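All remarks here apply to the structure that follows.
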Amino acid sequence: MIALDVMTVLLVCTGLVFFVAGTAGLLRFPDFHSRLHALTKADNLGLGFIALGVAFQMTDAWSVAKLALVWMLAGLAAASVAQLVARAALDRLPDESGGEHKG
Amino acid sequence: MVVIKRFALFFSIWLSLTAADPLGLVLGTMTAGAAAWASLKLLPSGSRHVNLLSVLSMAPGFLLRTARGGVDVAWRALHPAMPIAPGWIAWRTSLPPGGQRVSLGIELSLLPGTLVAGSRGDVIYVHCLDTNQDVAGDIAKEEARIARTVQEARISHD
């Protein structure tokens with residue numbers, strides 16, 4: 001049992017590091033789209049680690065399946081929302097030359 | 001066949017949510033049926049068939065790239081010097097519109113350092129976290145990989 005708890009603590013802590021990193025990126029990155037990088041990629045990985053860590057506490061396969069489902073749906077939602085947010089900022093797109101862009 | 005596949009998908013989601021409680025099976029069957037019907041109305045199946053095995057075979061690589069993308073951006077965000085050089089690449093894609101382009105968009109949004117943020121005609125706008133890296137080379141590689149996968153799928157279908 002202790003081994004399972006250790007796995008949970010390690011994995012959840014790893015997940016938290018990625019959530020902290022995503023938030024740091026949101027606060028520190030200079031422009032709109034760089035912040036989207038941080039939120040979509042780091043947070044999704046963080047949630048994956050937390051779900052995996054919690055899975056070690058589950059006693060039946062259905063709960064593990066439910067956790068996997070939560071992660072997949074959250075990832076799908078994050079990817080879709082990121083696309084929509086990026087598209088909503090389309091008027092901030094660079095000109096055709098693709099030069100440096102100010103957020 | 002498509003109806004059965006979608007019903008199975010929604011019913012398995014129901015089973016996960018209810019831990020296959022026998023009390024919910026009747027309601028779950030009806031709900032999954034209604035969801036399958038609605039999904040066919042909202043998203044009719046295309047002419048191309050999705051092979052579940054080939055999707056599953058892509059999963060490990062997909063997970064690995066997600067992890068690499070997350071680690072990369074997390075490292076840059078937490079690094080005191082914040083090593084980023086954000087900028088844009090306007091990439092003229094040779095992939096046909098539709099599924100293949102969508103795949104490229106999803107792949108690029110997962111890979112370390114790139115994020116697709118819209119398109120105009122054949123040009124997709126890729127936001128790069130670090131323009132000092134060879135991002136264009138990475139995009140070209142990814143595009144070639146997708147084109148190859150689709151070709152292999154076609155050959156195996158014929």
Side-chain angles (χ1 to χ4, degrees), chain A residues 17-49 60-70 72-73 75 78-79 82-83 85-103, chain B residues 9 12-21 59 62-82 84-92 102 105-107 109-121 123-131 135-136:
Chain A
V17 170
F18 283 104
F19 270 101
V20 169
T23 310
L26 176 68
L27 295 173
R28 293 181 77 200
F29 284 172
D31 64 307
F32 181 86
H33 288 93
S34 296
R35 290 177 179 147
L36 266 185
H37 279 272
L39 285 183
T40 52
K41 291 176 190 173
D43 283 16
N44 192 32
L45 190 57
L47 184 62
F49 274 113
D60 61 320
W62 288 115
S63 305
V64 176
K66 200 192 281 188
L67 282 169
L69 185 67
V70 166
M72 278 191 286
L73 289 179
Q83 291 279 326
V85 170
R87 208 161 291 180
L90 214 78
D91 58 337
R92 304 182 189 192
L93 273 179
D95 52 35
E96 293 286 334
S97 66
E100 185 79 8
H101 146 92
K102 297 252 188 291
Chain B
L9 174 70
S12 58
I13 292 178
W14 177 276
L15 290 179
S16 319
L17 288 177
T18 60
D21 187 340
F62 184 82
L63 283 176
L64 196 69
R65 286 194 291 277
T66 310
R68 267 179 52 213
V71 169
D72 177 77
V73 76
W75 172 75
R76 289 172 194 277
L78 290 177
H79 195 288
M82 202 167 66
I84 65 170
W88 290 90
I89 284 185
W91 180 262
R92 191 169 291 280
V102 174
I106 293 172
E107 280 291 331
S109 296
L110 281 174
L111 283 176
T114 51
L115 189 77
V116 171
S119 58
R120 254 187 227 130
V123 176
I124 54 177
Y125 291 98
V126 184
H127 185 264
C128 316
L129 210 47
D130 189 355
T131 45
V135 183

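Residue numbering restarts at 1 for every chain, and letters A, B, ... go by the order of the sequence lines. Computed from a predicted structure; not experimentally measured.
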Are side-chain heavy atoms of Phe29(A) and Val73(B) found at a separation under 4.5 Å? yes
Counting C-beta onward and ignoring hydrogens, is there a side-chain heavy-atom pair between Arg76(B) and Asp130(B) closer than 4.5 Å? yes
Heavy-atom distances under 4.5 Å only: say whether Leu63(B) touches chain A with side chain, backbone, both or neither. side chain
Can you tell which of Thr66(B), Thr114(B), Asp72(B) has the highest number of heavy-atom pairs within less than 4.5 Å of chain A? Thr114(B)
Side chain proximity check, Leu36(A) to His127(B), heavy atoms < 4.5 angstrom: no
If I measure from the heavy atoms of chain B, does Ser34(A) come under 4.5 Å with its side chain, its backbone, both, or neither? both
Leading residue by heavy atom contact count with chain A [cutoff under 4.5 Å; candidates Thr18(B), Val126(B), Val71(B), Val116(B)]: Val71(B)
Cut-off 4.5 Å, heavy atoms of chain A, and the answer for Leu115(B) is both
Hey, does Thr131(B) have a side-chain heavy atom less than 4.5 Å from the side chain of Val135(B)? no
Is the shortest side-chain heavy-atom distance between Leu47(A) and Phe19(A) below 4.5 Å? yes
